[in-house]
Amino acid sequence: MTDIEGIIITRHRHAGCVAGALRPDNLSAMSTIACGDEVRTRITGRKIRSLIASTDDYLMNCAIAEDLCRYASD
C-alpha cells in the first residue's frame, strides 16, 4: 500500500503562536511549522479515511488556535 501525503497551508497574523498551539495535538504522521505568516502542516498516512478524519480534526484545532492566539495578543 502506498503512503498518501498532503500539506495544509494556512495564513495567520500570529503564525508562530498558532503552529505552537497545534504541535502538541499532532499525530506521529504529522509535522507543523511556522514559516513567515503561514502555518504548514504535512500529513501522511495509508488510509484515505484516516487522513480525512485527521485533516478535519486539524482544521478545527487550527480555528481554535487562531482564536486563542488572537485573544492572547490583544
Side-chain angles (χ1 to χ4, degrees):
M1 191 173 270
T2 305
D3 281 344
I4 304 165
E5 180 179 314
I7 298 174
I8 300 170
I9 300 172
T10 53
R11 287 197 168 83
H12 304 275
R13 186 174 185 186
H14 307 284
C17 177
V18 173
L22 290 169
R23 274 189 211 105
D25 288 328
N26 281 357
L27 301 172
S28 60
M30 297 171 73
S31 62
T32 300
I33 61 167
C35 186
D37 67 344
E38 295 180 345
V39 173
R40 298 177 184 186
T41 299
R42 181 182 197 174
I43 301 175
T44 60
R46 294 192 169 220
K47 296 180 180 178
I48 191 70
R49 286 181 189 240
S50 296
L51 250 57
I52 291 170
S54 294
T55 300
D56 186 53
D57 289 345
Y58 170 84
L59 292 173
M60 181 58 70
N61 291 342
C62 188
I64 293 167
E66 170 71 23
D67 288 345
L68 290 173
C69 291
R70 186 171 2 114
Y71 292 133
S73 69
D74 290 343

Should I48 and I4 be marked as a side chain to side chain contact (heavy atoms under 4.5 Å, CB included) after you check the CA-CA gap, both sets of side-chain angles, and the distance that decides it?
CA-CA 7 Å; I48 191 70; I4 304 165; 4.2 Å; yes

Using side chain to side chain contact (heavy atoms under 4.5 Å, CB included), reason through I8 and T55 one step at a time and then give a plain yes or no.
CA-CA 9 Å; I8 300 170; T55 300; 3.7 Å; yes

Check against side chain to side chain contact (heavy atoms under 4.5 Å, CB included), K47 and L51:
CA-CA 6 Å; K47 296 180 180 178; L51 250 57; over 6 Å; no

Under the side chain to side chain contact (heavy atoms under 4.5 Å, CB included) criterion, do R42 and E5 qualify, and how do the steps go?
CA-CA 7 Å; R42 181 182 197 174; E5 180 179 314; 2.7 Å; yes

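Note on residues 9-23: pairs passing side-chain hydrogen bond (donor to acceptor under 3.5 Å, both in side chains), not counting sequence neighbours, are T10-H12, R11-E38, H12-E66, H14-S73. Residues in residues 22-74 take part in these disulfide bond (SG atoms under 2.5 Å apart) pairs, two or more places apart or across chains: C17-C69.
Linking ILVMFWY side-chain heavy atoms closer than 4.5 Å, directly or via other members, places I43 and L59 in a single hydrophobic cluster. Hydrophobic clustering (ILVMFWY, side-chain heavy atoms < 4.5 Å, transitive): I52 and L27 are in one cluster. M30 and I64 are assigned to two separate hydrophobic clusters, defined by single-linkage of ILVMFWY side chains at heavy-atom distances under 4.5 Å.
Residue G36 comes nearest to A15 through the heavy atom pair O-CB, 3.5 Å, listed as atom of the first residue, atom of the second, then distance. Looking at every heavy atom in both residues, A21 comes nearest to P24 through O-CD, 3.5 Å.
Taking the salt bridge (Lys or Arg N to Asp or Glu O under 4.0 Å) definition, one finds that D67 meets it with R70, sequence neighbours left out.
Between the CG atom of L68 and the CG atom of N61 there is a distance of 10.5 Å, given to the nearest 0.5 Å. Between the OG1 atom in T32 and the CG atom in D25 there is a gap of 9.5 Å [rounded to 0.5 Å]. Here the CD1 atom belonging to I33 is positioned 8.5 Å from the CD1 atom belonging to I7, to the nearest 0.5 angstrom.
At a threshold of 4.5 Å between non-hydrogen side-chain atoms, the residues T41 and S31 do not count as touching.
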